[in-house]
Colleague: 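Sharing a structure with you now.
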Amino acid sequence: MIITPAESHDVAKLLAFREEAAAWLHGLGSDQWSRPYPADKLVATIEAGTVFMLRDGHTTAGTITLTPDAEDGLWTDEELAEPAMFVNKLTVAREYAGQNLGGRLLDWAGDRARRAGARWVRLDAWTTNNALQRYYLAQGFTHVRTVREGAAVNGGPRVSGWLAQRIARLADHGFADSTPAPEQLPLAA
């Protein structure tokens with residue numbers, strides 16, 4: 001499998017991934033991702049070069065967003081003073097479930113973050129999705145705190161404020177990486 005930067009034509013696939021994941025999560029009793037994500041915000045992250053696709057031949061097996069930009073209102077000024085990269089919208093196609101692709105994508109993100117000079121890989125998870133929180137803990141993340149104040153990126157109250165982090169480290173994720181070298185973080189210089 002190969003990791004590539006997302007391209008503008010991937011927007012439809014990314015939105016379909018989110019709908020597929022939302023339907024699966026709904027079946028598990030979670031309201032995660034039940035509100036549509038604005039396509040224009042997705043296009044902006046693709047254009048910023050922070051969305052990556054995991055491809056298995058002509059099939060997209062997963063996606064991850066890795067950005068140096070923290071969502072407003074989640075992390076303290078002290079935390080933001082430390083070099084970090086932030087994982088968002090990690091999704092694996094249901095047909096690839098059970099193959100640890102999510103864990104390997106997190107390892108890839110940690111590897112890329114470390115090569116960019118980050119100390120931390122951080123994320124915010126759905127506040128009421130305990131199974132997802134346990135998953136991230138099992139992947140070596142440590143819960144920092146839960147933030148409930150504020151608004152969601154796609155409108156309404158904040159729903160994704162369970163904050164976690166783990167040390168950014170080089171990793172053998174097993175994917176062929178066809179992404180450009182990461183830019184060095186300003187705080188890492």
Side-chain angles (χ1 to χ4, degrees), residues 1-7 10 14 17-18 21 33 37 41-55 61-92 100-127 129 132-133 135-147 150 152-154 158 160-189:
M1 289 190 197
I2 186 168
I3 295 181
T4 64
E7 299 176 12
D10 289 317
L14 291 166
F17 262 17
R18 190 173 179 95
W33 290 356
Y37 195 82
K41 290 187 183 294
L42 193 52
V43 169
T45 59
I46 291 171
E47 289 174 353
T50 61
V51 182
F52 303 93
M53 307 296 278
L54 178 62
R55 303 190 194 274
T63 182
I64 191 169
T65 298
L66 183 64
T67 178
D69 302 319
E71 185 178 324
D72 289 341
L74 291 179
W75 300 91
T76 67
D77 289 341
E78 286 178 350
E79 290 162 341
L80 293 173
E82 300 172 313
M85 293 191 76
F86 301 85
V87 169
N88 297 292
K89 298 184 278 304
L90 170 62
T91 312
V92 172
N100 192 33
L101 294 185
R104 290 171 58 198
L105 282 167
L106 289 168
D107 287 345
W108 173 86
D111 183 269
R112 185 172 180 82
R114 180 69 185 108
R115 289 185 292 118
R119 176 165 190 233
W120 298 105
V121 177
R122 292 180 169 148
L123 55 83
D124 59 285
W126 205 258
T127 306
N129 189 336
L132 180 62
Q133 295 163 14
Y135 171 79
Y136 285 126
L137 293 171
Q139 293 297 320
F141 284 80
T142 301
H143 179 237
V144 176
R145 77 182 152 280
T146 301
V147 177
V153 173
N154 57 344
R158 180 177 307 286
S160 189
W162 185 87
L163 307 183
Q165 65 186 13
R166 77 177 190 192
I167 295 289
R169 61 184 181 266
L170 300 178
D172 180 13
H173 45 74
F175 301 132
D177 191 342
S178 289
T179 64
E183 292 183 27
Q184 289 296 299
L185 296 174
L187 298 172

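One is the number of the first residue; the rest follow in order along the sequence.
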Colleague: Looking at side-chain heavy atoms only, is the closest gap between Leu74 and Leu163 below 4.5 Å?
Modeller: yes
Colleague: Using the six-membered ring wherever Trp is involved, compare the ring planes of Trp108 and His173 and label them parallel, tilted or perpendicular (cut-offs 30° and 60°).
Modeller: perpendicular
Colleague: With side chains defined as the heavy atoms from C-beta onward, is the minimum distance between Thr76 and Arg145 less than 4.5 Å?
Modeller: yes
Colleague: A side-chain contact here means heavy atoms from C-beta on lying under 4.5 Å apart; do Asn129 and Tyr135 qualify?
Modeller: no
Colleague: Look up atom CD1 in Ile46 and atom OG1 in Thr65, then write down how far apart they are to the nearest 0.5 Å.
Modeller: 8.5 Å
Colleague: Could you go step by step and tell me if Thr45 and Asn88 meet the side-chain contact (heavy atoms from CB on, under 4.5 Å) rule?
Modeller: CA-CA 11 Å; Thr45 59; Asn88 297 292; over 6 Å; no
Colleague: Any idea which heavy atoms bring Gly102 and Val92 closest together, and the distance?
Modeller: N-CG2, 3.7 Å
Colleague: Indicate the atoms forming the closest heavy-atom contact of Phe141 with Val121, along with that distance.
Modeller: CE2-O, 3.5 Å
Colleague: Can you name the nearest heavy-atom pair linking Pro180 to Pro5, along with the distance?
Modeller: CD-CG, 3.7 Å
Colleague: Measure across Leu185 and Gly117 and return the closest heavy-atom pair with its distance rounded to 0.1 Å.
Modeller: CD1-C, 4.2 Å
Colleague: Give, for atom OG1 of Thr4 and atom CE of Met53, the distance between the pair rounded to the nearest 0.5 Å.
Modeller: 7.0 Å
Colleague: Over all heavy atoms of both residues, which pair between Val147 and Gly73 is shortest? Give the atoms and the distance, please.
Modeller: CG1-O, 3.8 Å
Colleague: Show, in sequence, the C-alpha distance, side-chain angles and deciding distance for Leu105 and Ile3, and conclude whether the side-chain contact (heavy atoms from CB on, under 4.5 Å) test is met.
Modeller: CA-CA 9 Å; Leu105 282 167; Ile3 295 181; 4.0 Å; yes
Colleague: When rounded to the nearest 0.5 angstrom, what distance separates CZ in Arg112 from CG in Leu66?
Modeller: 7.0 Å
Colleague: Could you state the interatomic distance from CD1 (Ile64) to OG1 (Thr67), rounded to the nearest 0.5 Å?
Modeller: 12.0 Å
Colleague: Do Ile167 and Arg119 touch side chain to side chain, with heavy atoms closer than 4.5 Å?
Modeller: yes
Colleague: For Gln133 and Trp126, indicate whether the former's side chain and the latter's backbone hold a donor-acceptor pair under 3.5 Å.
Modeller: yes
Colleague: Using the ring of each side chain (for Trp, its six-membered ring), is Trp162 parallel, tilted or perpendicular to Tyr136, with breaks at 30° and 60°?
Modeller: parallel
Colleague: Do Lys89 and Thr63 have side chains that get closer than 4.5 Å, going by heavy atoms?
Modeller: no
Colleague: If I take atom CD from residue Gln139 and atom CG from residue Leu106, how far apart are they, to the nearest 0.5 angstrom?
Modeller: 5.5 Å
Colleague: List the atom of Ala84, the atom of Arg122, and the distance in Å for their closest heavy-atom pair.
Modeller: CB-NH1, 3.7 Å
Colleague: Please identify each residue that fulfils salt bridge (charged side-chain N to carboxylate O under 4.0 Å, His left out) with Arg114, with sequence neighbours left out.
Modeller: none
Colleague: For residues 163-177, pull every pair meeting salt bridge (charged side-chain N to carboxylate O under 4.0 Å, His left out), keeping only residues two or more places apart or in separate chains.
Modeller: Asp107-Arg166, Arg115-Asp177
Colleague: Please walk me through it: do Arg104 and Met1 pass side-chain contact (heavy atoms from CB on, under 4.5 Å)?
Modeller: CA-CA 11 Å; Arg104 290 171 58 198; Met1 289 190 197; 5.6 Å; no
Colleague: Just how far is it from atom CG of Asp124 to atom CH2 of Trp75, taken to the nearest 0.5 Å?
Modeller: 8.0 Å
Colleague: Taking only residues two or more places apart in sequence, or in another chain, which ones meet Glu183 in a side chain to side chain donor-acceptor pair (under 3.5 Å)?
Modeller: none
Colleague: Within the 4.5 Å heavy-atom criterion, are Leu101 and Phe175 side-chain neighbours or not?
Modeller: yes
Colleague: Is Leu90 close to Leu123 at the side-chain level, that is, under 4.5 Å between some pair of heavy atoms?
Modeller: no
